[in-house]
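Start at 1 and go down the list; that is how both ligands and their atoms are numbered.
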Amino acid sequence: MGFLSGKRILITGVLSNRSIAFGIAQACHRQGAELALTYVGERFKERVTEFAAELGSNIVLPCDVSEDAQIDAAMEELKTHWDGLDGLVHSIGFAPREAIAGDFLDGLSREGFRIAHDISAYSFPALAKAALPLLKDRKSSVLTLTYLGAEKVVPNYNTMGLAKASLEASVRYLANALGPMGIRANAISAGPIKTLAASGIKDFGSILKFVEAHAPLRRNVTIEDVGNVAAFMLSDLAAGVTGEITHVDAGFSTVV
Ligand code: 0WD
């Protein structure tokens with residue numbers, strides 16, 4: 001019996017088998033959780049439905065977090081399957097290409113800033129708020145994915161770094177708002193991993209090489225590394241942890 005058996009977890013952001021959310025979903029499945037997945041756009045429905053089936057799930061919900069109506073509809077549909085939710089994973093990030101390349105000020109625009117913050121930061125507390133009726137009264141927790149670019153200047157990360165800083169602040173405010181209801185809020189700050197979202201970042205390959213050379217563990221992390229810590233954070237084993245940003249980065253953040 002896994003340490004998540006009996007837990008029901010909604011996971012966003014499974015886009016491919018390289019997605020960090022896929023590593024999280026696999027780890028949660030191994031630990032016995034029941035899963036529901038979301039997707040963005042009809043063209044990904046079939047693919048995400050296949051991933052869900054691999055993970056023993058038949059709950060696949062459309063949810064583009066840029067639309068309030070889709071967030072609400074996803075939660076309403078989830079209620080037709082489950083009467084409660086023990087975990088919510090937010091593994092969503094997006095910024096327009098020019099906002100995550102080259103010179104910070106050259107790429108800075110009001111619209112790029114708005115989109116990056118809307119999709120990558122606002123959506124976490126917004127999803128938690130919409131899921132609240134399901135999360136209440138059951139030792140549940142919400143979890144998001146962040147990156148070192150929130151804390152330090154990372155080349156090319158630019159506007160996304162600002163959005164991740166906002167996301168990290170939201171973890172603390174959420175922890176305080178949800179704590180009295182017994183709900184925890186945490187983040188994992190993952191080291192760089194080659195996913196679809198990451199390939200949008202200019203010179204991502206050189207970041208991977210630099211981390212491998214300088215991280216205390218002298219390697220990059222995998223979606224399995226992140227998935228296992230996520231499963232732990234979502235479980236009752238982490239019942240005393242909230243408002244926390246946990247680095248799963250082979251130690252890199254300690255040496256920069
Ligand atoms: O190195 C990395 N890959 C790191 C990623 C290091 C540290 C943190 N992260 C974060 C990302 O910033 C993101 O928050 O982890 C999270 C997941 O990212 P990922 O696994 O690297 O990327 P990917 O597999 O591409 O999934 C991100 C997904 C989107 O993919 P696309 O490529 O279509 O932007 O976020 C989802 C979508 O599936 N997404 C949305 N979901 C709902 N509504 C939306 C939206 N509007 N936009 C993007």
I'd like to check which ligand 1 atoms, numbered from 1 as shown, lie under 4.0 Å from a non-hydrogen atom of [X].
{"X": "A197", "value": "21 (O), 22 (O), 23 (P), 25 (O)"}
{"X": "A198", "value": "3 (N)"}
{"X": "C63", "value": "42 (C), 43 (N)"}
{"X": "L15", "value": "25 (O), 30 (O), 31 (P), 32 (O), 33 (O), 38 (O)"}

**Cationic N near anionic O, under 4.0 Å, E76 to K79** =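 Yes, E76 and K79 are salt-bridged.
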
**Prompt:** Does R219 pair with D225 as a salt bridge, N-O distance under 4.0 Å?
**Reply:**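 So R219 pairs with D225 through a salt bridge.
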
Looking only at protein heavy atoms, identify the closest one to [atom] and say how far it is in Å.
{"atom": "atom 46 (N) of ligand 1", "result": "D64 OD1, 2.7 Å"}
{"atom": "atom 20 (O) of ligand 1", "result": "I20 N, 2.8 Å"}
{"atom": "atom 7 (C) of ligand 1", "result": "T146 O, 3.1 Å"}
{"atom": "atom 14 (O) of ligand 1", "result": "K164 NZ, 2.9 Å"}

**Prompt:** Any N or O of I119 that comes nearer than 3.5 Å to an N or O of ligand 1?
**Reply:**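 No, no N or O pair falls under 3.5 Å.
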
**Request:** Please work out whether the ring planes of F210 and F252 are parallel, tilted or perpendicular, with thresholds of 30° and 60°.
**Result:**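 Rings of F210 and F252: perpendicular, as their planes differ by over 60°.
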
**Request:** Measure from atom 16 (C) of ligand 1 to every heavy atom in G23, S91, A95 and give the option owning the shortest one.
**Result:** S91

**Item:** Nearest-option assignment for atom 10 (C) of ligand 1, heavy atoms, candidates L145, I71, V14, D249
**Value:**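 Closest candidate by heavy-atom distance is L145.
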
So for [X], does at least one of its heavy atoms come nearer than 4.0 angstrom to any atom of ligand 1?
{"X": "G191", "value": "yes"}
{"X": "F44", "value": "no"}
{"X": "I193", "value": "yes"}

**Message:** Please check this pair: side chain of Q31 against backbone of F3, looking for a donor-acceptor N/O pair closer than 3.5 Å.
**Reply:** yes

